[in-house]
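Protein chains get the first letters and strands the later ones, always in sequence-line order, with residue 1 at the start of each.
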Number of protein chains: 2
Amino acid sequence: MKSEKITEAATSRRRRYDDACGTAHALDLIGDRWALLVMRELLLGPRRFAELRADLPGISANVLTQRLGELEAIGVVVRQRLPPPAAVQVYALTDWGAECEPILAVLGRWATRSPWHDPTLPLSAVSLLISFRTMFDPARAGDLRATIGFRIGAGSYRVAIAAGTLAAERGNVVGTDAVITAPAPAIAGVVYAGQPLAGLDIAGDAALVARFVTLFPLPAKVGVTVPAAAP
Amino acid sequence: MKSEKITEAATSRRRRYDDACGTAHALDLIGDRWALLVMRELLLGPRRFAELRADLPGISANVLTQRLGELEAIGVVVRQRLPPPAAVQVYALTDWGAECEPILAVLGRWATRSPWHDPTLPLSAVSLLISFRTMFDPARAGDLRATIGFRIGAGSYRVAIAAGTLAAERGNVVGTDAVITAPAPAIAGVVYAGQPLAGLDIAGDAALVARFVTLFPLPAKVGVTVPAAAP
DNA sequence: CGGCATCCGGGAAGATACTG
DNA sequence: CAGTATCTTCCCGGATGCCG
């Protein structure tokens with residue numbers, strides 16, 4: 001019964017591009033609305049249904065259920081039941097699913113050039129951390145070596161910079177050089193919209209944080225050359 | 001009047017993600033059905049409406065009209081009227097629009113690992129040429145230096161390989177070391193599905209073509225570990 | 001023929017309420 | 001908390017027709 005559903009969802013989708021192009025096939029697999037954003041929210045580790053719903057503003061429960069089922073059917077997401085006592089169900093990316101990160105990175109970099117991109121909209125913690133991976137500029141970091149902890153809502157994360165590389169992951173903040181406690185949009189406002197550092201709760205090396213927030217330059221906006229109608 | 005339509009289409013779309021994440025904004029801009037594939041068809045130069053429709057199997061005229069209008073409104077496509085005598089209208093990518101190529105490349109590479117990817121489906125000439133850019137393996141090319149011409153339907157293209165780089169563009173085939181005349185799916189079948197070279201019409205250096213078709217290895221398929229239902 | 005508007009049917013997405 | 005059921009909205013796709 002379940003296997004029928006798997007093959008049905010994976011192979012005989014109603015609306016598909018009949019195209020050998022890999023791009024078209026990718027869109028057949030993960031081109032549905034919300035699909036890529038669900039995968040984004042799983043990039044830093046397994047999540048529960050309610051967490052996903054809370055961090056995907058505007059998704060409805062039935063659509064989330066449907067997307068998770070389809071992503072599971074194509075082998076991008078697996079459903080895991082944690083062992084007792086915490087016998088809750090979580091969703092995780094498969095290895096192949098996790099390989100979607102370059103897709104998110106390239107899409108994000110392309111879109112930050114858009115004249116309509118608004119970095120002050122709501123933002124999930126995972127989005128922020130992944131954006132650090134995407135937008136990190138090794139040249140600006142130079143030989144900086146530091147770790148910074150983040151407390152965002154109920155979650156904690158750590159970012160390590162060393163030898164021109166950046167690692168961002170879920171984890172506790174003990175032993176980091178500085179700890180930032182703030183909502184994700186507030187941090188994004190400082191890093192990506194030039195808002196003052198004063199809005200953040202910073203513990204530890206404040207000078208380090210002041211430098212950290214300069215390591216993620218946005219590409220130049222495309223000129224507002226939207227073709228106007230000829231008079 | 002036109003400007004109203006522009007701001008309407010670009011800023012007040014009905015169904016949008018309220019998310020500062022760059023990926024989400026990219027999907028707001030070019031996440032609609034067919035949008036990326038329309039951009040793909042323009043990557044090798046301006047095209048006319050009927051050409052686009054012919055190379056996007058299954059798109060309907062009104063959807064193509066709508067997509068082109070939206071892509072124009074956001075500044076990704078421009079409409080050009082060629083000067084007389086060939087006073088026809090063509091659609092072209094803007095500079096920003098052309099920067100979508102890494103998106104197509106990354107999506108395509110990710111999807112070729114799919115167990116359901118079928119390289120024998122229909123394929124447009126542009127898709128094939130762009131796939132050469134995406135899948136080219138410099139290590140396999142070594143110090144090969146060659147040019148190959150393609151006659152696909154009514155169009156002609158040329159691929160130049162030198163110093164471990166590949167260039168693929170529209171252009172005539174004169175002066176190339178070999179010329180392949182065949183439909184795009186037939187060429188794709190040889191390069192990506194291991195079909196015999198015999199099916200292609202080859203003029204010039206046949207040994208070069210035999211090597212050329214080995215320069216585009218596909219990544220390993222993901223194991224068929226689609227989670228089965230527990231018995 | 002090229003491009004666009006309009007109408008219609010089907011189906012996916014969105015919102016809300018409800019259940020184990 | 002983790003979904004399911006139901007209803008509405010609206011996008012996609014196909015057909016037709018208008019107009020240059």
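- Annotation: of the two residues near DNA chain C, A:W34 and A:A61, the 5′-most nearest-nucleotide partner is A:W34.
- In this model, the phosphate group of C:dC4 is approached by a side-chain N or O of B:R79 to a distance below 4.0 Å at OP1 or OP2.
- Atom CG in B:L68 sits about 12 Å away from atom P in C:dA5, given to the nearest Å.
- Taking atom CG of A:L64 as the reference point, atom P of D:dG3 lies 9 Å away to the nearest angstrom.
- Counting only heavy atoms from C-beta outward, the side chains of B:I103 and B:I30 approach each other to under 4.5 Å.
- Taking side-chain N and O atoms only, A:Y91 has a distance below 4.0 Å to OP1 or OP2 of D:dG3.
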> Taking it one step at a time, do B:F132 and B:F150 satisfy ring pair (Phe, Tyr, Trp, His ring centres under 6.0 Å)?
Replying inline: CA-CA 12 Å; B:F132 289 158; B:F150 291 85; 5.7 Å; yes
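- Rounded to whole angstrom, the span from the CG atom of A:L36 across to the P atom of C:dA13 amounts to 14 Å.
- To the nearest angstrom, P of C:dA12 lies 14 Å from CZ of A:R16.
- When distances run from any side-chain atom of A:T65 to the nucleotides D:dT4, C:dA12, C:dC4, the shortest one goes to D:dT4.
- Within 4.0 Å (heavy atoms only), A:A50 reaches sugar-phosphate atoms of the nucleic acid but no base atom.
- No hydrogens or angles were tested; on distance alone, nothing pairs the side chain of A:N62 with the base of D:dG3 as donor and acceptor under 3.5 Å.
- Rounded to a whole Å, the CD1 atom of B:I59 is 15 Å from the C1' atom of C:dG2.
- Using a 4.5 Å cut-off on side-chain heavy atoms (C-beta onward), B:L123 and A:C21 make contact.
- Atom pair A:R53:CZ and D:dT4:C1' shows a separation of 12 Å (rounding to whole Å applied).
- The distance from atom CD of A:E70 to atom P of C:dG11 is 15 Å, rounded to the nearest whole Å.
- Put simply, A:R33 has a side-chain N or O that comes within less than 4.0 Å of OP1 or OP2 on C:dG14.
- Side-chain contact between B:L29 and A:W110 is present, with at least one heavy-atom pair separated by less than 4.5 Å.
- Phosphate proximity of D:dC12 to B:R67: present, with a side-chain N or O under 4.0 Å from OP1 or OP2.
- If you run side chain to side chain contact (heavy atoms under 4.5 Å, CB included) between A:I152 and each of A:L129, A:T181, A:V126, only A:L129 comes through.
- D:dC12 atom P lies 13 Å from atom CG of B:L37, rounded to whole Å.
- Listed nucleotides: C:dG14, D:dA2, C:dA13. Nearest to the side chain of A:D32: C:dA13.
- Residue A:Q66 places none of its side-chain N or O atoms closer than 4.0 Å to OP1 or OP2 of C:dA12.
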